[in-house]
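Here is how names work: the chains are called A, B, and so on, in the same order as the sequence lines, proteins then strands, and each is numbered from 1.
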Amino acid sequence: MADLWQVTLVSPPYETWTYGLPSHFPPLSPGQRVIIPFGKSHRAGVVVGPAEAAPRGVEIKNMIWPLELSPLLDQDFVDMAVNLASRQMVHVGRILEIALPRGLRTAAVTFKVDRHMTERNLPATMRPPDIVRVKDRDRAALVDLWLEGRMRVRINAKKEAEERYVSLESDPPWAVRPNAKRQLRLLEHLMENGPQSLYSLRHTLGDWAPDVAVKLEGAGVVRLGELTADHMAEIDGAGQNGADDPGCEFALTDEQRTALDEMTETLESGGGAHLVHGVTGSGKTVLYMEMARLLLEQGRSVLFLAPEVALACQLYRTVARRFPHFRTIFYHGYQSPKKREASFRELAGGEDPVLVVGTRSAVFLPLPNLGMVVMDEEHDESFKQEDRLAYHAKEVAWFRTGRSKGLLLLGSATPDVKTFQAASAGRIRVSTLKERVGDARLPDVELVNIAELGSSKQLLSDRVREAVRETVKAGEQVIVMLNRRGYAPLMYCLDCGETVRCPDCEVGMTYHKGRERLVCHYCGRTYSYPLTCRKCGGVNFIPMGEGTERLEEALTDLLPEDAKVLRLDRDATRRQERLEEILGAFGRGEAQVLVGTQMISKGHHFPGVTLVVVADGDLGLNLPDYRSSERTFQLLVQVAGRAGRGEHPGRVLIQTRNPDHPIWKEILGGDYQGFFDREASRRNMFRYPPFSHMALVRISFPADYDNGPAALSLMGEVLREQGRALGISVLGPAPAPLSMLRGRKRFNCLLKSDDWGKVRGLYAAMARANPDPRKVRTGLDLDPLSTL
DNA sequence: AGCACGCCGACT
DNA sequence: GTCGGCGTGCTC
């Protein structure tokens, strides 16, 4: 028998199976990609190691062909995947699926061989099934050709077609038949979620989606293709008007010099995590660059991670300008798969130190001799992937820098409470920057009590209205943030007092006036408006509460005729070019007021803005989630930073109904330490993270699966009983916020423990008790961002 | 994820 | 009578 290898499938069912290596091939190495026969078809897999013996009762098949001459991934990369998989309690293949760009996971490839092989009646191009049919005597020659590098692999063009993005070409109402349910479904989906690749559409909506998209393209309603130049400009250019690399032109301050010494010390004492806690504008970027220079001199690579594309782009420009003679690579999820694949291959094949800047997914890139990972704005929630498989880039970066004795540099003005706790407890080192570089000044932040406004129709107080009017009159600009899109979050039926709720999610549906629809912000379900009340058949609804759309209307009424108000939220930027249009117009001063959701809080830099209004500062505070204060603190400190970035001093007004809440003093004074102390003691008292280990267990089954509820209660019982024995507190199972998704009923269970190992043990016990794993799916989210 | 098997509706 | 829709099951 040929020698046996363990091969991990990088697509469902993600399992690791045993395959034989055909004769004539030299031994394989872990990290080598191969094409394997799988059932009636073939798949791509990754060799994770040699197999000791064949499993009993199965007939071992031979692999078809390797996908590259030398392993794409090294042992460290495989170890990382294995380690992460065991921590997340998933198959290794699921980690590899996330880590590899799509082109490196597909088995839809064609092998092209040098022409002279055709003399042996072999075709010049072969697909995997053709290779299986090659006669033994030709096979040896083919292997020789492969080893000489005269047989190449090319990804099939048909697969690439699935990578095209679908985006809306026109606004609703669309020119489609009103009973074309699938077409409307797809259009609404694009409306809610922005441009999507055909691949992800097929995944979220169903196999019909690509065909429907092509049909809609024919009708001219959607666009199909690469992301447009407009969209890339929007992504790449969003930071262009920003004051990037603050402080680069200054000599290092004493504070910065001290921080630099401290970071160097951490690096030289064997690496590990190091927090740079510095107020906005204190020159953290300069420190990143200085450390990067140090590492490059040692011949080590550096990875920079930013929470979103626009910020990553800004950082990339700084890096490229600072190190013009080094190889720099930019990597993010909106790039074409071709580009991502090329970057991945280039890195995997290289040995020289390289600088990479990217977003979350870049944490998996195979950097040669990794010396440092920088995570800018480390508190940002985008570093954690929540859908599909829950992983945090910080965890991956921690593992990788740990392996290579590198430095994990975490930078933020408002660090993650968990990170700061680790720093306070002395588990990671911290450098603090208290001063701003140059003579930039933090804006004045004031509270506006709106408690007495009650439920009257106006959300904006007289004081804020006056301030907005005055600012506009003075020729300056205003940003108003309301973290709630739509016109009104609730619609009341005047006849029976019922509110319109989503039948799947049971939450109130938000009225979107411009779209003439009611939208569920959880699942995206929409009803057209006007509509009739489900309970009493009435047709008279009144909108309650306020969203950005209504606020835009109110501000337009407030200001003189010639003043212009723009709105920036997910609805307004649904069509690709819109974001750039809006930001551009506001930046050029064509409008005086910009209303928006938290989208406006990040990265953009408008020198003309002297007033920032937070319309509802309490919005995030009252959520029943243990991280809501932290989120509010971080968001409001960020938003406040939008004011007074030009010559004129800035002013921030925050409206609240609870002016006595202690968080305001901390936000007004930019007092992170004060906030942290209070928050830490509260979390300690209630055993919330970081003083406990929290995990979310997700359980789902098809809505029409009769045994589902019984299976759920059985598994819930196992969790509670065995949880009690392990000292783990168990909450639930309770219906998830999105209780129905794609025909599946979803439930959550919250675990609180003193140990991750126990959590994994309990989850494993529950999974064993699953009566039908095919129907009842489970997932584990360690340290969830939200417990909702 | 693919691909086959298998069971019910609209057509040559 | 068949063609073909997608539910279900399996893959070293």
Side-chain angles (χ1 to χ4, degrees), chain A residues 1-22 25 28 30 32-67 90-110 127-132 155-156 158-163 181-182 185 197-212 337 388-389 700-708 711 742-745 770-777:
Chain A
M1 188 69 212
D3 55 339
L4 302 175
W5 296 82
Q6 301 266 71
V7 179
T8 291
L9 287 152
V10 291
S11 52
Y14 305 112
E15 285 159 18
T16 300
W17 278 339
T18 309
Y19 283 88
L21 181 67
F25 275 104
L28 297 171
Q32 190 135 24
R33 296 185 312 133
V34 290
I35 295 274
I36 48 172
F38 186 74
K40 299 275 159 81
S41 65
H42 56 276
R43 298 290 195 80
V46 173
V47 175
V48 290
E52 297 306 318
R56 279 188 301 153
V58 281
E59 200 178 312
I60 300 294
K61 286 184 183 172
N62 270 351
M63 301 170 198
I64 296 177
W65 211 262
L67 276 161
V90 294
H91 290 300
V92 178
R94 297 211 60 190
I95 304 294
L96 290 168
E97 181 187 42
I98 288 178
L100 299 176
R102 202 158 11 251
L104 297 175
R105 292 186 255 127
T106 183
V109 295
T110 306
R127 297 204 169 180
D130 306 322
I131 290 190
V132 175
I155 296 164
N156 294 353
K158 197 186 155 207
K159 267 282 161 196
E160 285 169 22
E162 283 255 301
E163 310 294 355
K181 273 169 87 177
R182 287 177 165 179
R185 178 88 203 285
S197 70
L198 281 173
Y199 181 90
S200 74
L201 283 175
R202 189 150 63 90
H203 205 268
T204 43
L205 297 177
D207 288 340
W208 51 267
D211 297 334
V212 172
R388 295 175 64 56
L389 199 147
S700 75
F701 52 82
D704 57 0
Y705 177 53
D706 293 339
N707 294 330
R742 269 178 277 149
R744 297 180 73 85
K745 288 213 162 107
N770 187 346
D772 190 350
R774 288 227 178 80
K775 290 258 166 55
V776 183
R777 288 209 287 255

Restricting to nitrogen or oxygen on both sides, can you table the protein-nucleotides 4-6 of chain B pairs closer than 3.5 Å?
none

Please report, rounded to the nearest Å, how far the [atom2] atom of [N] is from the [atom1] atom of [X].
X      : N      : atom1 : atom2 : value
A:I64  : C:dC12 : CD1   : C1'   : 13 Å
A:Y19  : C:dT11 : OH    : P     : 11 Å
A:R127 : B:dG2  : CZ    : C1'   : 15 Å
A:Y14  : C:dC10 : OH    : C1'   : 16 Å
A:E59  : C:dT11 : CD    : C1'   : 14 Å
A:M63  : C:dC12 : CE    : C1'   : 11 Å
A:L9   : C:dT11 : CG    : P     : 13 Å
A:I60  : C:dT11 : CD1   : C1'   : 13 Å

My understanding is that only residues two or more places apart in sequence, or in another chain, count here; which of them pass side chain to side chain contact (heavy atoms under 4.5 Å, CB included) with [X]?
X      : answer
A:S41  : none
A:T8   : A:T16, A:V48, A:V92, A:L96
A:P771 : A:A711, A:L714, A:M715

Residues in side-chain hydrogen bond (donor to acceptor under 3.5 Å, both in side chains) contact with A:N707, at least two apart in sequence or another chain: none
Residue pairs involving residues 34-53 of chain A (criterion ring-ring contact (aromatic ring centres under 6.0 Å, His included); sequence neighbours excluded): A:W17-A:F38
Beyond-backbone contact of A:P30 with A:V46, side-chain heavy atoms, under 4.5 angstrom: no
Answer with base, sugar-phosphate or nothing: what part of the nucleic acid does [X] contact at a heavy-atom distance below 4.0 Å?
X     : value
A:F38 : base
A:E15 : nothing
A:T18 : base

Test salt bridge (Lys or Arg N to Asp or Glu O under 4.0 Å) applied to A:D772 - qualifying residues, sequence neighbours left out: none
Counterpart residues, salt bridge (Lys or Arg N to Asp or Glu O under 4.0 Å), relative to A:R33 (two or more places apart): A:E68
Under 3.5 Å, which protein N or O atoms sit close to an N or O of nucleotides 6-8 of chain C? Give each pair with its distance.
none

Value rounded to 0.5 Å, distance of CG in A:L389 from OH in A:Y14: 9.0 Å
